[in-house]
Protein chains: 2
Amino acid sequence: MKNGETAVSKATVSRMPAYLRYLKGEAGKGVEYVSSAAIAKDLGLSAVGVRKDLALVSSRPGKPRFGFEIRLLIEDIEKFLGYHRWTNAVIIGAGGLGRAILAYEGFENYGIHVIAAFDASPAKVGAVGGKPVYPMEQLPDIARRNGIRVAILTVPRAAAQEACDEIVAVGIKAILNFAPVHLHVPEGVTVRYEDLAVSLAALCGESAGDQI
Amino acid sequence: MKNGETAVSKATVSRMPAYLRYLKGEAGKGVEYVSSAAIAKDLGLSAVGVRKDLALVSSRPGKPRFGFEIRLLIEDIEKFLGYHRWTNAVIIGAGGLGRAILAYEGFENYGIHVIAAFDASPAKVGAVGGKPVYPMEQLPDIARRNGIRVAILTVPRAAAQEACDEIVAVGIKAILNFAPVHLHVPEGVTVRYEDLAVSLAALCGESAGDQI
DNA sequence: GCATAATCGATAAATTTTTATCGATTATTA
DNA sequence: TAATAATCGATAAAAATTTATCGATTATGC
(Lines give C-alpha, C1' and ligand atoms only; values in the text may rest on other atoms or scores of the structure.)
Protein backbone atom coordinates (compact mmCIF):
# COMPACT_ATOMS: atom_id res chain seq x y z
CA MET A 1 0.00 0.00 0.00
CA LYS A 2 2.10 2.86 -1.22
CA ASN A 3 -0.15 5.81 -1.73
CA GLY A 4 -3.71 4.68 -1.36
CA GLU A 5 -4.38 4.10 -5.01
CA THR A 6 -3.70 0.37 -4.93
CA ALA A 7 -4.95 -0.97 -1.64
CA VAL A 8 -5.71 -4.32 -3.24
CA SER A 9 -3.07 -7.02 -3.09
CA LYS A 10 -1.69 -8.80 -6.12
CA ALA A 11 -2.88 -12.11 -4.76
CA THR A 12 -6.42 -10.80 -4.59
CA VAL A 13 -6.30 -9.43 -8.12
CA SER A 14 -5.04 -12.76 -9.41
CA ARG A 15 -8.08 -14.53 -7.98
CA MET A 16 -10.60 -12.15 -9.53
CA PRO A 17 -10.79 -13.85 -12.92
CA ALA A 18 -11.64 -17.12 -11.19
CA TYR A 19 -14.45 -15.46 -9.25
CA LEU A 20 -15.73 -13.86 -12.40
CA ARG A 21 -15.74 -17.11 -14.32
CA TYR A 22 -17.48 -18.88 -11.47
CA LEU A 23 -20.09 -16.18 -10.94
CA LYS A 24 -20.94 -16.02 -14.62
CA GLY A 25 -21.43 -19.74 -14.61
CA GLU A 26 -23.82 -19.55 -11.68
CA ALA A 27 -25.65 -16.59 -13.17
CA GLY A 28 -26.11 -18.60 -16.34
CA LYS A 29 -27.85 -21.26 -14.29
CA GLY A 30 -30.27 -18.68 -12.95
CA VAL A 31 -28.80 -18.43 -9.46
CA GLU A 32 -29.17 -14.95 -7.96
CA TYR A 33 -27.31 -15.10 -4.68
CA VAL A 34 -24.23 -16.99 -3.58
CA SER A 35 -22.49 -17.22 -0.23
CA SER A 36 -18.80 -16.87 0.41
CA ALA A 37 -18.81 -20.43 1.74
CA ALA A 38 -20.27 -21.78 -1.50
CA ILE A 39 -17.74 -19.91 -3.62
CA ALA A 40 -14.92 -21.08 -1.42
CA LYS A 41 -15.99 -24.69 -1.61
CA ASP A 42 -16.29 -24.76 -5.39
CA LEU A 43 -13.09 -22.85 -5.97
CA GLY A 44 -11.04 -24.59 -3.33
CA LEU A 45 -10.41 -21.49 -1.22
CA SER A 46 -11.26 -20.45 2.31
CA ALA A 47 -14.53 -18.66 2.99
CA VAL A 48 -12.77 -15.96 4.98
CA GLY A 49 -10.42 -15.32 2.10
CA VAL A 50 -13.28 -15.04 -0.32
CA ARG A 51 -15.06 -12.54 1.89
CA LYS A 52 -11.93 -10.47 2.19
CA ASP A 53 -11.39 -10.46 -1.55
CA LEU A 54 -14.96 -9.52 -2.33
CA ALA A 55 -15.10 -6.84 0.32
CA LEU A 56 -12.31 -5.04 -1.49
CA VAL A 57 -14.08 -4.83 -4.84
CA SER A 58 -17.80 -5.00 -4.15
CA SER A 59 -19.76 -1.78 -3.98
CA ARG A 60 -22.49 -3.24 -1.75
CA PRO A 61 -21.99 -5.52 1.23
CA GLY A 62 -23.24 -9.07 1.17
CA LYS A 63 -26.54 -9.83 2.81
CA PRO A 64 -26.43 -11.98 5.93
CA ARG A 65 -28.35 -15.19 5.40
CA PHE A 66 -28.26 -14.75 1.58
CA GLY A 67 -24.74 -13.97 0.59
CA PHE A 68 -23.79 -11.79 -2.35
CA GLU A 69 -25.98 -10.75 -5.26
CA ILE A 70 -24.30 -12.31 -8.26
CA ARG A 71 -25.35 -9.74 -10.81
CA LEU A 72 -23.92 -6.85 -8.82
CA LEU A 73 -20.79 -8.75 -7.99
CA ILE A 74 -20.06 -9.46 -11.64
CA GLU A 75 -20.47 -5.79 -12.45
CA ASP A 76 -18.16 -4.77 -9.65
CA ILE A 77 -15.43 -7.23 -10.56
CA GLU A 78 -15.58 -6.31 -14.22
CA LYS A 79 -15.34 -2.67 -13.34
CA PHE A 80 -12.47 -3.36 -10.99
CA LEU A 81 -10.55 -5.32 -13.59
CA GLY A 82 -11.08 -2.61 -16.13
CA TYR A 83 -13.06 -4.66 -18.62
CA HIS A 84 -15.17 -1.60 -19.35
CA ARG A 85 -12.29 0.18 -21.02
CA TRP A 86 -11.88 -0.86 -24.61
CA THR A 87 -8.50 -1.83 -25.99
CA ASN A 88 -7.41 -2.59 -29.54
CA ALA A 89 -5.07 -5.51 -30.10
CA VAL A 90 -3.29 -7.21 -32.99
CA ILE A 91 -1.81 -10.63 -33.56
CA ILE A 92 1.73 -11.04 -34.84
CA GLY A 93 2.19 -14.37 -36.60
CA ALA A 94 -0.68 -15.96 -38.51
CA GLY A 95 0.25 -19.60 -38.06
CA GLY A 96 -2.09 -22.14 -36.56
CA LEU A 97 -2.23 -20.59 -33.15
CA GLY A 98 -2.42 -17.04 -34.41
CA ARG A 99 -5.29 -17.87 -36.72
CA ALA A 100 -7.14 -19.72 -34.01
CA ILE A 101 -6.89 -16.73 -31.72
CA LEU A 102 -7.88 -14.37 -34.51
CA ALA A 103 -11.06 -16.39 -35.04
CA TYR A 104 -11.83 -16.55 -31.34
CA GLU A 105 -14.68 -14.23 -30.39
CA GLY A 106 -14.28 -14.44 -26.64
CA PHE A 107 -12.14 -11.35 -26.31
CA GLU A 108 -15.02 -9.02 -26.97
CA ASN A 109 -16.46 -9.94 -23.57
CA TYR A 110 -13.41 -8.48 -21.94
CA GLY A 111 -13.27 -5.16 -23.69
CA ILE A 112 -10.72 -6.22 -26.23
CA HIS A 113 -10.95 -5.79 -30.00
CA VAL A 114 -8.54 -8.00 -31.90
CA ILE A 115 -8.61 -6.14 -35.16
CA ALA A 116 -6.12 -7.95 -37.38
CA ALA A 117 -3.17 -10.28 -37.70
CA PHE A 118 0.20 -9.68 -39.35
CA ASP A 119 2.63 -12.14 -40.89
CA ALA A 120 6.00 -11.89 -42.56
CA SER A 121 5.06 -14.53 -45.11
CA PRO A 122 2.98 -13.26 -48.07
CA ALA A 123 1.38 -16.70 -48.29
CA LYS A 124 -0.43 -16.10 -45.01
CA VAL A 125 -1.94 -12.78 -46.03
CA GLY A 126 -5.70 -12.79 -46.50
CA ALA A 127 -8.44 -13.16 -43.93
CA VAL A 128 -9.54 -15.51 -41.15
CA GLY A 129 -12.99 -15.51 -39.64
CA GLY A 130 -13.79 -12.17 -41.23
CA LYS A 131 -10.66 -10.51 -39.89
CA PRO A 132 -7.76 -9.44 -42.10
CA VAL A 133 -4.21 -10.79 -42.17
CA TYR A 134 -1.78 -8.13 -43.37
CA PRO A 135 1.86 -8.34 -44.38
CA MET A 136 4.22 -7.38 -41.62
CA GLU A 137 5.29 -4.19 -43.38
CA GLN A 138 1.91 -2.65 -42.77
CA LEU A 139 2.11 -3.02 -39.00
CA PRO A 140 3.44 0.47 -38.22
CA ASP A 141 0.84 2.20 -40.31
CA ILE A 142 -2.17 0.21 -39.18
CA ALA A 143 -1.09 0.05 -35.55
CA ARG A 144 -0.70 3.80 -35.31
CA ARG A 145 -3.94 4.56 -37.08
CA ASN A 146 -5.93 2.25 -34.78
CA GLY A 147 -4.24 3.11 -31.54
CA ILE A 148 -3.09 -0.45 -30.89
CA ARG A 149 -1.96 -0.93 -27.32
CA VAL A 150 -1.50 -4.70 -27.14
CA ALA A 151 0.16 -7.30 -29.36
CA ILE A 152 -0.30 -11.06 -29.21
CA LEU A 153 2.90 -12.72 -30.35
CA THR A 154 2.42 -16.13 -31.97
CA VAL A 155 5.46 -16.48 -34.20
CA PRO A 156 7.91 -19.40 -34.06
CA ARG A 157 10.56 -19.27 -31.38
CA ALA A 158 13.34 -18.23 -33.75
CA ALA A 159 11.45 -15.21 -35.01
CA ALA A 160 10.18 -14.00 -31.66
CA GLN A 161 12.82 -11.47 -30.62
CA GLU A 162 12.88 -9.83 -34.02
CA ALA A 163 9.11 -9.58 -34.14
CA CYS A 164 9.15 -8.27 -30.60
CA ASP A 165 11.53 -5.51 -31.61
CA GLU A 166 9.24 -4.48 -34.42
CA ILE A 167 6.29 -4.39 -32.06
CA VAL A 168 8.18 -2.24 -29.60
CA ALA A 169 9.34 0.08 -32.36
CA VAL A 170 5.72 0.79 -33.21
CA GLY A 171 5.12 2.00 -29.68
CA ILE A 172 3.08 -0.93 -28.36
CA LYS A 173 3.60 -1.26 -24.62
CA ALA A 174 2.08 -4.67 -23.82
CA ILE A 175 2.89 -8.05 -25.34
CA LEU A 176 1.25 -11.41 -24.74
CA ASN A 177 3.97 -13.81 -25.80
CA PHE A 178 3.20 -17.39 -26.82
CA ALA A 179 6.69 -18.15 -28.06
CA PRO A 180 8.68 -20.10 -25.47
CA VAL A 181 11.45 -17.51 -25.38
CA HIS A 182 12.54 -14.83 -22.99
CA LEU A 183 12.09 -11.48 -24.70
CA HIS A 184 14.35 -8.52 -24.14
CA VAL A 185 12.31 -5.34 -24.07
CA PRO A 186 13.05 -1.78 -23.04
CA GLU A 187 11.78 -0.35 -19.79
CA GLY A 188 8.10 0.46 -19.82
CA VAL A 189 7.07 -2.47 -21.99
CA THR A 190 5.20 -5.29 -20.27
CA VAL A 191 5.56 -8.88 -21.44
CA ARG A 192 3.33 -11.67 -20.26
CA TYR A 193 4.47 -15.20 -21.00
CA GLU A 194 1.85 -17.70 -22.02
CA ASP A 195 3.84 -20.84 -22.49
CA LEU A 196 1.38 -23.61 -23.25
CA ALA A 197 3.95 -26.30 -22.68
CA VAL A 198 4.83 -24.92 -19.29
CA SER A 199 1.20 -24.71 -18.28
CA LEU A 200 0.71 -28.28 -19.24
CA ALA A 201 3.88 -29.42 -17.57
CA ALA A 202 2.93 -27.59 -14.40
CA LEU A 203 -0.40 -29.34 -14.47
CA CYS A 204 1.28 -32.70 -14.80
CA GLY A 205 3.50 -31.85 -11.88
CA GLU A 206 0.58 -30.86 -9.69
CA SER A 207 -1.40 -33.97 -10.34
CA ALA A 208 1.65 -36.20 -10.23
CA GLY A 209 2.64 -34.96 -6.82
CA ASP A 210 0.34 -37.39 -5.06
CA GLN A 211 1.46 -40.44 -6.90
CA ILE A 212 5.15 -40.55 -6.14
CA MET B 1 6.58 -27.07 5.46
CA LYS B 2 4.56 -29.98 6.72
CA ASN B 3 6.76 -33.01 6.63
CA GLY B 4 9.97 -32.08 4.91
CA GLU B 5 9.01 -33.32 1.49
CA THR B 6 7.95 -29.95 0.14
CA ALA B 7 10.28 -27.35 1.52
CA VAL B 8 9.93 -25.25 -1.63
CA SER B 9 7.34 -22.51 -1.66
CA LYS B 10 4.67 -22.16 -4.30
CA ALA B 11 5.96 -18.74 -5.20
CA THR B 12 9.36 -20.20 -5.94
CA VAL B 13 7.92 -22.97 -8.06
CA SER B 14 5.94 -20.48 -10.08
CA ARG B 15 9.10 -18.60 -10.98
CA MET B 16 10.98 -21.66 -12.16
CA PRO B 17 9.57 -21.68 -15.69
CA ALA B 18 10.74 -18.11 -16.14
CA TYR B 19 14.24 -19.01 -15.00
CA LEU B 20 14.26 -21.97 -17.31
CA ARG B 21 13.15 -19.95 -20.30
CA TYR B 22 15.73 -17.29 -19.55
CA LEU B 23 18.57 -19.74 -18.98
CA LYS B 24 17.85 -21.62 -22.17
CA GLY B 25 17.93 -18.37 -24.05
CA GLU B 26 21.30 -17.46 -22.61
CA ALA B 27 22.64 -20.97 -23.22
CA GLY B 28 21.55 -20.64 -26.83
CA LYS B 29 23.72 -17.54 -27.11
CA GLY B 30 26.71 -19.49 -25.87
CA VAL B 31 26.85 -18.00 -22.40
CA GLU B 32 28.15 -20.46 -19.80
CA TYR B 33 27.80 -18.65 -16.49
CA VAL B 34 25.28 -16.16 -15.22
CA SER B 35 25.10 -14.28 -11.94
CA SER B 36 22.05 -13.90 -9.75
CA ALA B 37 22.25 -10.16 -10.30
CA ALA B 38 22.09 -10.56 -14.07
CA ILE B 39 19.12 -12.89 -13.90
CA ALA B 40 17.35 -10.57 -11.51
CA LYS B 41 17.90 -7.57 -13.72
CA ASP B 42 16.59 -9.22 -16.87
CA LEU B 43 13.63 -10.84 -15.17
CA GLY B 44 12.69 -7.88 -13.00
CA LEU B 45 13.32 -9.64 -9.70
CA SER B 46 15.65 -9.08 -6.76
CA ALA B 47 19.07 -10.72 -6.75
CA VAL B 48 18.55 -12.03 -3.25
CA GLY B 49 15.31 -13.63 -4.26
CA VAL B 50 16.91 -15.28 -7.25
CA ARG B 51 19.68 -16.69 -5.09
CA LYS B 52 17.18 -18.05 -2.64
CA ASP B 53 15.13 -19.68 -5.39
CA LEU B 54 18.14 -21.24 -7.05
CA ALA B 55 19.62 -22.45 -3.78
CA LEU B 56 16.52 -24.55 -3.28
CA VAL B 57 16.76 -26.43 -6.57
CA SER B 58 20.40 -26.36 -7.62
CA SER B 59 22.55 -29.36 -6.86
CA ARG B 60 25.80 -27.38 -6.87
CA PRO B 61 26.38 -23.96 -5.31
CA GLY B 62 27.13 -20.99 -7.48
CA LYS B 63 30.73 -19.95 -7.86
CA PRO B 64 31.72 -16.63 -6.32
CA ARG B 65 32.92 -14.22 -8.96
CA PHE B 66 31.30 -16.28 -11.76
CA GLY B 67 27.77 -17.06 -10.76
CA PHE B 68 25.90 -20.19 -11.72
CA GLU B 69 26.78 -22.64 -14.45
CA ILE B 70 23.87 -22.41 -16.84
CA ARG B 71 24.01 -25.95 -18.13
CA LEU B 72 23.84 -27.47 -14.67
CA LEU B 73 21.15 -25.07 -13.58
CA ILE B 74 18.92 -25.99 -16.50
CA GLU B 75 19.31 -29.65 -15.65
CA ASP B 76 18.48 -29.06 -12.02
CA ILE B 77 15.40 -26.99 -12.74
CA GLU B 78 14.10 -29.47 -15.28
CA LYS B 79 14.60 -32.28 -12.84
CA PHE B 80 12.93 -30.31 -10.13
CA LEU B 81 9.90 -29.52 -12.30
CA GLY B 82 9.63 -33.13 -13.30
CA TYR B 83 10.21 -32.63 -17.00
CA HIS B 84 12.12 -35.88 -17.10
CA ARG B 85 9.00 -37.92 -16.45
CA TRP B 86 7.04 -38.60 -19.61
CA THR B 87 3.33 -38.00 -19.74
CA ASN B 88 0.79 -38.79 -22.44
CA ALA B 89 -1.87 -36.20 -23.20
CA VAL B 90 -4.87 -35.80 -25.51
CA ILE B 91 -6.79 -32.85 -26.87
CA ILE B 92 -10.56 -32.71 -26.59
CA GLY B 93 -12.05 -30.48 -29.27
CA ALA B 94 -10.44 -30.21 -32.68
CA GLY B 95 -11.48 -26.68 -33.57
CA GLY B 96 -9.00 -23.98 -34.49
CA LEU B 97 -7.27 -23.84 -31.15
CA GLY B 98 -7.25 -27.60 -30.64
CA ARG B 99 -5.73 -28.20 -34.05
CA ALA B 100 -3.12 -25.52 -33.48
CA ILE B 101 -2.08 -27.13 -30.24
CA LEU B 102 -2.10 -30.57 -31.81
CA ALA B 103 0.31 -29.35 -34.44
CA TYR B 104 2.56 -27.61 -31.91
CA GLU B 105 5.77 -29.55 -31.31
CA GLY B 106 6.95 -27.64 -28.27
CA PHE B 107 5.48 -30.02 -25.73
CA GLU B 108 8.06 -32.68 -26.42
CA ASN B 109 10.67 -30.51 -24.74
CA TYR B 110 8.75 -30.76 -21.52
CA GLY B 111 8.25 -34.46 -21.37
CA ILE B 112 4.75 -34.41 -22.81
CA HIS B 113 3.45 -36.50 -25.70
CA VAL B 114 0.26 -35.14 -27.19
CA ILE B 115 -0.84 -38.27 -28.97
CA ALA B 116 -4.22 -37.40 -30.49
CA ALA B 117 -7.27 -35.17 -30.55
CA PHE B 118 -10.93 -36.08 -30.18
CA ASP B 119 -14.03 -34.33 -31.48
CA ALA B 120 -17.74 -34.95 -31.29
CA SER B 121 -18.22 -33.82 -34.87
CA PRO B 122 -17.47 -36.48 -37.53
CA ALA B 123 -16.46 -33.68 -39.89
CA LYS B 124 -13.38 -32.95 -37.79
CA VAL B 125 -12.10 -36.50 -37.73
CA GLY B 126 -8.90 -37.11 -39.69
CA ALA B 127 -5.40 -35.91 -38.97
CA VAL B 128 -3.50 -32.69 -38.28
CA GLY B 129 0.24 -32.37 -38.52
CA GLY B 130 0.64 -36.12 -38.64
CA LYS B 131 -1.45 -36.69 -35.52
CA PRO B 132 -4.86 -38.33 -35.57
CA VAL B 133 -8.23 -36.79 -34.74
CA TYR B 134 -10.66 -39.45 -33.51
CA PRO B 135 -14.38 -39.35 -32.87
CA MET B 136 -15.26 -38.73 -29.26
CA GLU B 137 -16.63 -42.23 -28.79
CA GLN B 138 -13.16 -43.68 -29.03
CA LEU B 139 -11.80 -41.64 -26.14
CA PRO B 140 -12.31 -44.26 -23.40
CA ASP B 141 -10.67 -47.02 -25.38
CA ILE B 142 -7.68 -45.03 -26.63
CA ALA B 143 -7.16 -43.18 -23.38
CA ARG B 144 -7.01 -46.36 -21.36
CA ARG B 145 -4.74 -48.15 -23.77
CA ASN B 146 -2.24 -45.28 -23.83
CA GLY B 147 -2.32 -44.44 -20.16
CA ILE B 148 -3.45 -40.87 -20.75
CA ARG B 149 -3.03 -38.71 -17.67
CA VAL B 150 -3.76 -35.24 -19.01
CA ALA B 151 -6.45 -33.74 -21.24
CA ILE B 152 -6.38 -30.38 -22.98
CA LEU B 153 -9.91 -29.08 -23.29
CA THR B 154 -10.51 -26.83 -26.30
CA VAL B 155 -14.23 -27.20 -26.95
CA PRO B 156 -16.68 -24.28 -27.10
CA ARG B 157 -17.94 -22.93 -23.81
CA ALA B 158 -21.34 -24.63 -24.07
CA ALA B 159 -19.83 -28.09 -24.53
CA ALA B 160 -17.17 -27.77 -21.85
CA GLN B 161 -18.84 -29.29 -18.81
CA GLU B 162 -20.16 -32.27 -20.74
CA ALA B 163 -16.77 -32.93 -22.29
CA CYS B 164 -15.20 -32.51 -18.89
CA ASP B 165 -17.48 -35.18 -17.46
CA GLU B 166 -16.48 -37.59 -20.19
CA ILE B 167 -12.82 -36.90 -19.50
CA VAL B 168 -13.28 -37.52 -15.80
CA ALA B 169 -15.23 -40.70 -16.47
CA VAL B 170 -12.25 -42.07 -18.34
CA GLY B 171 -10.10 -41.63 -15.27
CA ILE B 172 -8.02 -38.66 -16.38
CA LYS B 173 -6.95 -36.65 -13.37
CA ALA B 174 -5.61 -33.42 -14.86
CA ILE B 175 -7.32 -31.01 -17.25
CA LEU B 176 -5.95 -27.92 -18.95
CA ASN B 177 -9.09 -25.98 -19.73
CA PHE B 178 -9.19 -23.33 -22.46
CA ALA B 179 -12.96 -22.84 -22.32
CA PRO B 180 -13.86 -19.74 -20.31
CA VAL B 181 -16.07 -21.73 -17.95
CA HIS B 182 -15.76 -22.92 -14.39
CA LEU B 183 -15.71 -26.71 -14.43
CA HIS B 184 -17.22 -28.85 -11.72
CA VAL B 185 -15.02 -31.85 -11.10
CA PRO B 186 -14.88 -34.48 -8.37
CA GLU B 187 -12.23 -34.42 -5.70
CA GLY B 188 -8.84 -35.56 -6.91
CA VAL B 189 -9.11 -34.02 -10.36
CA THR B 190 -7.01 -30.93 -11.04
CA VAL B 191 -8.19 -28.24 -13.42
CA ARG B 192 -5.98 -25.47 -14.66
CA TYR B 193 -7.69 -22.55 -16.35
CA GLU B 194 -6.02 -21.05 -19.36
CA ASP B 195 -8.33 -18.25 -20.30
CA LEU B 196 -6.70 -16.38 -23.15
CA ALA B 197 -9.06 -13.48 -22.85
CA VAL B 198 -8.31 -13.09 -19.17
CA SER B 199 -4.59 -13.20 -19.80
CA LEU B 200 -4.91 -10.51 -22.36
CA ALA B 201 -7.22 -8.42 -20.23
CA ALA B 202 -4.84 -8.73 -17.29
CA LEU B 203 -2.04 -7.55 -19.51
CA CYS B 204 -4.05 -4.54 -20.58
CA GLY B 205 -4.76 -3.75 -16.96
CA GLU B 206 -1.11 -3.94 -16.01
CA SER B 207 0.08 -1.67 -18.72
CA ALA B 208 -2.87 0.66 -18.35
CA GLY B 209 -2.24 1.18 -14.67
CA ASP B 210 0.36 3.85 -15.33
CA GLN B 211 -1.75 5.88 -17.66
CA ILE B 212 -4.80 6.70 -15.58
C1' DG C 1 -43.49 -11.77 17.80
C1' DC C 2 -39.35 -14.27 19.20
C1' DA C 3 -35.84 -17.73 19.17
C1' DT C 4 -32.82 -19.81 15.71
C1' DA C 5 -29.54 -20.53 12.19
C1' DA C 6 -26.80 -18.71 8.60
C1' DT C 7 -23.97 -15.30 6.97
C1' DC C 8 -21.30 -11.16 7.00
C1' DG C 9 -17.43 -7.81 8.29
C1' DA C 10 -13.79 -6.55 11.28
C1' DT C 11 -9.97 -7.39 14.26
C1' DA C 12 -6.23 -10.28 15.62
C1' DA C 13 -2.97 -14.15 15.16
C1' DA C 14 -0.14 -17.15 12.41
C1' DT C 15 2.12 -18.17 8.36
C1' DT C 16 4.45 -17.30 4.17
C1' DT C 17 7.13 -14.51 1.23
C1' DT C 18 10.16 -10.80 0.27
C1' DT C 19 13.90 -7.76 1.29
C1' DA C 20 18.09 -6.36 3.78
C1' DT C 21 22.59 -7.17 5.96
C1' DC C 22 27.03 -9.25 6.45
C1' DG C 23 30.88 -12.44 6.57
C1' DA C 24 33.04 -15.98 3.43
C1' DT C 25 34.89 -17.42 -0.99
C1' DT C 26 37.35 -16.99 -5.33
C1' DA C 27 39.16 -15.21 -9.76
C1' DT C 28 41.65 -11.08 -11.27
C1' DT C 29 45.48 -7.94 -11.32
C1' DA C 30 49.15 -5.22 -9.92
C1' DT D 1 52.13 -13.07 -3.80
C1' DA D 2 48.90 -9.94 -1.77
C1' DA D 3 45.20 -6.57 -2.36
C1' DT D 4 40.80 -6.07 -4.74
C1' DA D 5 36.31 -6.64 -6.51
C1' DA D 6 32.48 -9.52 -7.45
C1' DT D 7 29.62 -12.92 -6.01
C1' DC D 8 27.58 -16.30 -3.00
C1' DG D 9 24.98 -18.30 1.15
C1' DA D 10 23.08 -17.71 5.58
C1' DT D 11 20.79 -15.21 9.09
C1' DA D 12 17.70 -11.66 10.48
C1' DA D 13 14.17 -8.15 9.69
C1' DA D 14 10.18 -6.47 7.28
C1' DA D 15 6.17 -6.93 4.59
C1' DA D 16 2.48 -9.36 2.66
C1' DT D 17 -0.83 -12.97 2.78
C1' DT D 18 -3.63 -16.38 4.80
C1' DT D 19 -6.23 -18.26 8.54
C1' DA D 20 -8.81 -17.93 12.91
C1' DT D 21 -12.06 -15.77 16.11
C1' DC D 22 -16.10 -13.22 17.39
C1' DG D 23 -19.88 -9.98 17.68
C1' DA D 24 -23.50 -8.03 14.50
C1' DT D 25 -27.18 -8.57 11.15
C1' DT D 26 -31.14 -10.67 8.94
C1' DA D 27 -34.35 -14.07 6.92
C1' DT D 28 -36.84 -18.35 8.55
C1' DG D 29 -40.00 -21.09 11.27
C1' DC D 30 -42.58 -21.91 15.30
Side-chain angles (χ1 to χ4, degrees), chain A residues 1-19 22-23 26 31-73 76-77 80 206 209, chain B residues 1-19 22-23 26 31-73 76-77 80 206 209:
Chain A
M1 188 168 62
K2 257 178 194 165
N3 46 19
E5 72 179 16
T6 303
V8 180
S9 76
K10 281 182 197 173
T12 294
V13 174
S14 73
R15 279 187 297 265
M16 286 300 153
Y19 292 135
Y22 175 77
L23 292 170
E26 295 302 297
V31 184
E32 290 186 28
Y33 285 86
V34 64
S35 73
S36 59
I39 299 176
K41 180 170 166 290
D42 278 346
L43 261 47
L45 303 168
S46 84
V48 176
V50 172
R51 281 209 292 282
K52 253 197 155 179
D53 285 344
L54 297 185
L56 289 170
V57 302
S58 77
S59 54
R60 313 230 157 232
K63 277 191 198 175
R65 189 88 190 190
F66 272 73
F68 295 87
E69 188 174 347
I70 291 183
R71 192 180 52 79
L72 286 177
L73 212 43
D76 287 335
I77 295 177
F80 170 77
E206 282 172 37
Chain B
M1 186 169 60
K2 255 178 196 166
N3 46 18
E5 73 180 15
T6 305
V8 180
S9 77
K10 282 182 197 172
T12 294
V13 175
S14 73
R15 281 187 294 267
M16 285 300 154
Y19 291 135
Y22 176 78
L23 292 170
E26 295 302 298
V31 184
E32 291 186 27
Y33 285 87
V34 66
S35 72
S36 60
I39 298 175
K41 179 169 167 290
D42 278 346
L43 261 47
L45 303 168
S46 85
V48 175
V50 171
R51 281 209 294 281
K52 255 198 151 174
D53 286 343
L54 297 185
L56 290 169
V57 303
S58 77
S59 54
R60 313 231 156 232
K63 277 192 197 173
R65 189 92 188 186
F66 272 72
F68 295 87
E69 187 172 347
I70 291 183
R71 191 180 53 77
L72 286 178
L73 213 43
D76 286 336
I77 295 177
F80 170 77
E206 283 172 36

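Residue numbers start from 1 in every chain, and the chains themselves are labelled A, B, ... in the order their sequence lines are given, proteins ahead of strands. These figures come from a predicted structure and were not determined experimentally.
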So how far is it from Ile77(B) CD1 to Tyr22(B) OH, rounded to the nearest 0.5 Å?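 If we round to the nearest 0.5 Å, Ile77(B):CD1 and Tyr22(B):OH are 12.0 Å apart.
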
Gap between atom CZ of Arg71(A) and atom CD of Glu32(A) - 0.5 Å precision: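 One gets 9.0 Å once the value is rounded to the nearest 0.5 Å.
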
Taking every non-hydrogen atom, the tightest pair across Ala47(A) and Ala40(A):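 Smallest interatomic distance, heavy atoms only, reads N-CB, 3.5 Å.
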
Determine the minimum heavy-atom distance between Pro17(A) and Val13(A), stating which atoms define it.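 Distance-wise, the nearest heavy atoms are CD-O, 3.3 Å.
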
Contact residues, residues 32-39 of chain B to DNA chain D [heavy atom, < 4.0 Å]: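 Residues of residues 32-39 of chain B under 4.0 Å from DNA chain D: Ser35(B), Ser36(B).
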
Given side chain to side chain contact (heavy atoms under 4.5 Å, CB included), test Leu23(B) with Phe68(B) step by step and report yes or no. CA-CA 10 Å; Leu23(B) 292 170; Phe68(B) 295 87; over 6 Å; no

State, yes or no, whether a side-chain contact exists between Ile39(A) and Ser36(A) at a heavy-atom distance under 4.5 Å.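 SC-SC contact between Ile39(A) and Ser36(A) ruled out.
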
Just so I know, are the side chains of Val50(B) and Tyr19(B) near enough to count as touching, which here means a heavy-atom distance under 4.5 Å?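 With C-beta onward as the side chain, the pair touches.
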
Results of salt bridge (charged side-chain N to carboxylate O under 4.0 Å, His left out) for Arg15(B) - residues two or more places apart only: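 In terms of salt bridge (charged side-chain N to carboxylate O under 4.0 Å, His left out), with neighbours along the sequence ignored, Arg15(B) is linked to Asp53(B).
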
Quick one: salt bridge (charged side-chain N to carboxylate O under 4.0 Å, His left out) partners of Arg65(A), sequence neighbours excluded?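 In terms of salt bridge (charged side-chain N to carboxylate O under 4.0 Å, His left out), with neighbours along the sequence ignored, Arg65(A) is linked to no residue.
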
Closest listed nucleotide, where the reference is the side chain of Lys10(B) and the choices are dT17(C), dG9(C), dT18(C):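 Side chain of Lys10(B) sits closest to dT17(C).
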
If the helix axis at each end comes from five base pairs, how far does the helix from dG1(C)-dC30(D) to dA30(C)-dT1(D) deviate from straight, to 10°?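 Answer rounded to 10°: the end axes differ by 10°.
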
Classify Ala11(A) by what it touches in the nucleic acid, base, sugar-phosphate, or nothing, heavy-atom distance under 4.0 Å.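 Here Ala11(A) touches the backbone only, sparing every base.
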
If you look at every strand shown and take non-hydrogen atoms under 4.0 Å, does Arg15(B) touch a base, only sugar-phosphate, or nothing?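 Sugar-phosphate, no base atom in range.
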
Grab the [atom1]-[atom2] distance between [X] and [N] for me, whole Å please.
X	N	atom1	atom2	value
Glu69(B)	dC8(D)	CD	C1'	16 Å
Leu56(B)	dC8(D)	CG	C1'	14 Å
Asp53(B)	dC8(D)	CG	P	13 Å

Let's go through Phe66(B) and Val34(B) carefully: what are the C-alpha distance in whole Å and the side-chain angles of both, what is the deciding distance for side chain to side chain contact (heavy atoms under 4.5 Å, CB included) to 0.1 Å, and is it a yes or a no? CA-CA 7 Å; Phe66(B) 272 72; Val34(B) 66; over 6 Å; no

Any chance you could list the contact pattern along nucleotides 19-30 of chain C? Use B for base contacts, S for sugar-phosphate-only contacts and - for none, protein heavy atoms under 4.0 Å, 5' to 3'. BB----BSBS--

Taking only distance into account, with no hydrogens and no angle test, what donor-acceptor pairs under 3.5 Å do side-chain atoms of residues 55-63 of chain B form with protein atoms, sequence neighbours excluded?
{"residue": "Ser58(B)", "atom": "OG", "partner": "Leu54(B)", "partner atom": "O", "Å": "3.1"}
{"residue": "Ser58(B)", "atom": "OG", "partner": "Arg60(B)", "partner atom": "O", "Å": "3.1"}
{"residue": "Ser59(B)", "atom": "OG", "partner": "Asp76(B)", "partner atom": "OD1", "Å": "3.0"}
{"residue": "Ser59(B)", "atom": "OG", "partner": "Asp76(B)", "partner atom": "OD2", "Å": "2.9"}
{"residue": "Lys63(B)", "atom": "NZ", "partner": "Tyr33(B)", "partner atom": "OH", "Å": "3.4"}

